[in-house]
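FYI, the numbering just counts along the sequence from 1. A quick note: this is a predicted structure, and the numbers were derived from the prediction, not measured.
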Amino acid sequence: MIELEGVPELIDPVMVAAFEGWNDAGDAASTAVAHLEREWKGDVFAALDAEDYYDFQVNRPTVFMDGGVRKITWPTTRLSVVRVGGEKPRDLVLVRGIEPSMRWRSFCNELLGFAHELGVELVVILGALLGDTPHTRPVPISGTTSDTDLAQRMDLEETKYEGPTGIVGVLQEACTHAGVPAVSLWAAVPHYVSQPPNPKATLALLNRLEDLIDVRIPLGELPEDARAWQVGVDQLAAEDTEVAEYVQTLEEARDTAELPEASGEAIAREFERYLRRRDGGGHATDGGEGPPYLRDSPGDRTRPPKPQKPTAESTGTTESAESADGTDDEDSSED
């Protein structure tokens with residue numbers, strides 16, 4: 001660990017982590033942590049030594065000019081801290097980086113050692129996976145943990161995933177062995193429009209994180225960007241008959257499954273979130289006009305890439321595939 005500044009004194013800290021790469025479909029998870037850093041003006045206070053964990057031929061450093069001086073930014077994982085105000089202030093330790101190329105166990109042990117030093121009470125790891133889910137429906141979010149007590153207390157699913165895993169799964173397992181409560185939140189991203197950005201998936205992750213840790217997150221322009229993204233995908237999908245038919249098939253399968261996202265309980269939860277934001281002066285909606293699903297969509301704001309035509313290869317399973325059909329907290333995902 002390379003400490004950039006002194007370790008701060010924290011209040012009821014929660015660590016929130018996301019890593020670019022295999023666990024970050026559509027960059028949804030890493031963008032969520034970047035949003036928290038930006039909205040709360042996080043102060044970076046530490047970074048992992050890039051030499052220890054990254055293959056620079058895989059994740060190359062970048063060169064930039066700073067006041068006429070040539071500098072290099074190395075791929076690494078950085079830690080920042082933000083303080084959330086209110087009646088009960090608390091701190092979030094934000095971990096954002098790239099999935100390491102090597103020494104994963106040492107990587108996790110170093111992060112956990114730092115979490116222990118800071119007194120972190122809970123680790124929340126964000127991820128995103130490709131799934132057979134339509135872009136026109138609410139983004140499925142799976143919440144899993146290896147801790148039985150935590151699963152019951154936070155209404156999460158105990159992970160039962162078996163198969164290849166990424167740094168998200170390895171870090172969660174390391175937390176379990178270290179006795180640190182840990183939760184993974186996964187967003188399912190439509191595989192036919194997997195290119196970043198995906199503001200709708202990012203927004204869904206932040207909404208679920210907000211419920212999990214009971215902290216109101218300023219959303220800024222994310223709700224607007226998410227609606228614009230969906231309108232853009234609608235328009236692009238409509239231009240290709242094959243894609244449009246495939247999306248309709250996914251919609252029918254999703255609706256038939258009667259998933260929790262469409263239940264009265266989920267709608268009530270969304271409306272309660274809107275009321276909390278309105279009463280607290282939050283930024284969940286534009287001008288407090290109402291919940292996102294009660295308003296018309298705007299014009300093109302965040303135009304996504306053209307959807308990919310469904311193929312046998314594109315619909316193949318990946319890690320967490322058992323949750324990619326549109327699961328919520330009650331269904332399992334990768335650890």
Side-chain angles (χ1 to χ4, degrees), residues 1-10 13-25 27-38 40-64 66 71-83 91-128 164-185 196 205 209 319 334-335:
M1 176 71 69
I2 301 176
E3 295 187 19
L4 305 183
E5 295 180 8
V7 178
E9 293 290 336
L10 304 183
V14 172
M15 178 176 282
V16 181
F19 304 93
E20 298 174 18
W22 197 62
N23 297 135
D24 194 23
D27 291 352
S30 59
T31 300
V33 175
H35 175 86
L36 297 177
E37 288 181 333
R38 182 173 59 253
W40 278 318
K41 299 178 174 57
D43 296 321
V44 176
F45 62 89
L48 299 180
D49 191 340
E51 293 280 348
D52 292 340
Y53 304 113
Y54 294 98
D55 180 345
F56 298 139
Q57 290 183 324
V58 176
N59 297 292
R60 293 186 177 273
T62 56
V63 178
F64 68 100
D66 183 10
K71 295 185 178 181
I72 294 179
T73 298
W74 296 93
T76 188
T77 294
R78 294 179 173 82
L79 290 85
S80 61
V81 62
V82 298
R83 175 151 296 174
D91 291 307
L92 300 184
V93 178
L94 304 178
V95 179
R96 182 163 65 101
I98 304 170
E99 183 176 66
S101 307
M102 61 194 83
R103 302 185 183 92
W104 282 21
R105 285 177 291 187
S106 297
F107 179 89
C108 294
N109 288 337
E110 195 164 353
L111 283 179
L112 285 174
F114 209 68
H116 177 73
E117 184 177 354
L118 293 173
V120 167
E121 300 175 348
L122 174 69
V123 175
V124 181
I125 315 166
L126 306 183
T165 191
I167 193 61
V168 171
V170 173
L171 179 56
Q172 179 167 343
E173 192 65 16
C175 290
T176 300
H177 289 301
V180 179
V183 174
S184 294
L185 298 180
L205 279 171
L209 175 66
E319 178 182 17
E334 179 211 348
D335 38 47

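The two residues Thr31 and Asp27 come nearest to each other via the heavy atoms OG1-O, 2.5 Å. A pairwise comparison of heavy atoms in Leu10 and Arg83 identifies CA-NH2, 4.2 Å as the closest pair. Residues Cys175 and Ala182 come closest through the heavy atom pair CB-CB, 3.5 Å. Nearest heavy atom pair, residue Ser184 against residue Val168, reads OG-CG1, 3.8 Å. The two residues Ile98 and Pro75 have their closest heavy-atom pair at CD1-CB, 3.6 Å. Heavy-atom minimum distance, Ala50 versus Trp74: CB-CB, 4.1 Å.
Between atom OH of residue Tyr53 and atom OG of residue Ser101 there is a gap of 12.5 Å, rounded to the nearest 0.5 Å. Summarising the geometry, atom CG belonging to Leu209 is positioned 6.5 Å from atom CG belonging to Leu36; distances are rounded to the nearest 0.5 Å. The OG1 atom of Thr77 lies 11.5 Å from the CG atom of Asp49; values are rounded to the nearest 0.5 Å. For the atom pair CD1 (Ile167) and CG (Leu111), the distance works out to 8.0 Å, reported to the nearest 0.5 Å. Going from atom CG of Asp66 over to atom CD1 of Ile72 covers 13.0 Å, rounded to the nearest 0.5 Å. One finds the CG atom of Leu79 at 11.5 Å from the CZ atom of Arg96 (value rounded to the nearest 0.5 Å).
Exactly one residue among Asp91, Leu118, Val44 makes a side chain to side chain contact (heavy atoms under 4.5 Å, CB included) with Val81. That residue is Asp91.
Val33 is not listed as a side-chain neighbour of Val95, based on a closest heavy-atom distance of 4.5 Å or more. Taking the side chain as every heavy atom from C-beta outward, Trp40 and Leu94 never approach each other to under 4.5 Å. With a 4.5 Å cut-off on side-chain heavy atoms, Val93 and Phe114 do not count as touching. Side-chain contact between Phe107 and Val170: absent, with no pair of heavy atoms (C-beta onward) separated by less than 4.5 Å.
Listed for the Asp55 side chain is no donor-acceptor partner under 3.5 Å among the backbone atoms of Asn59.
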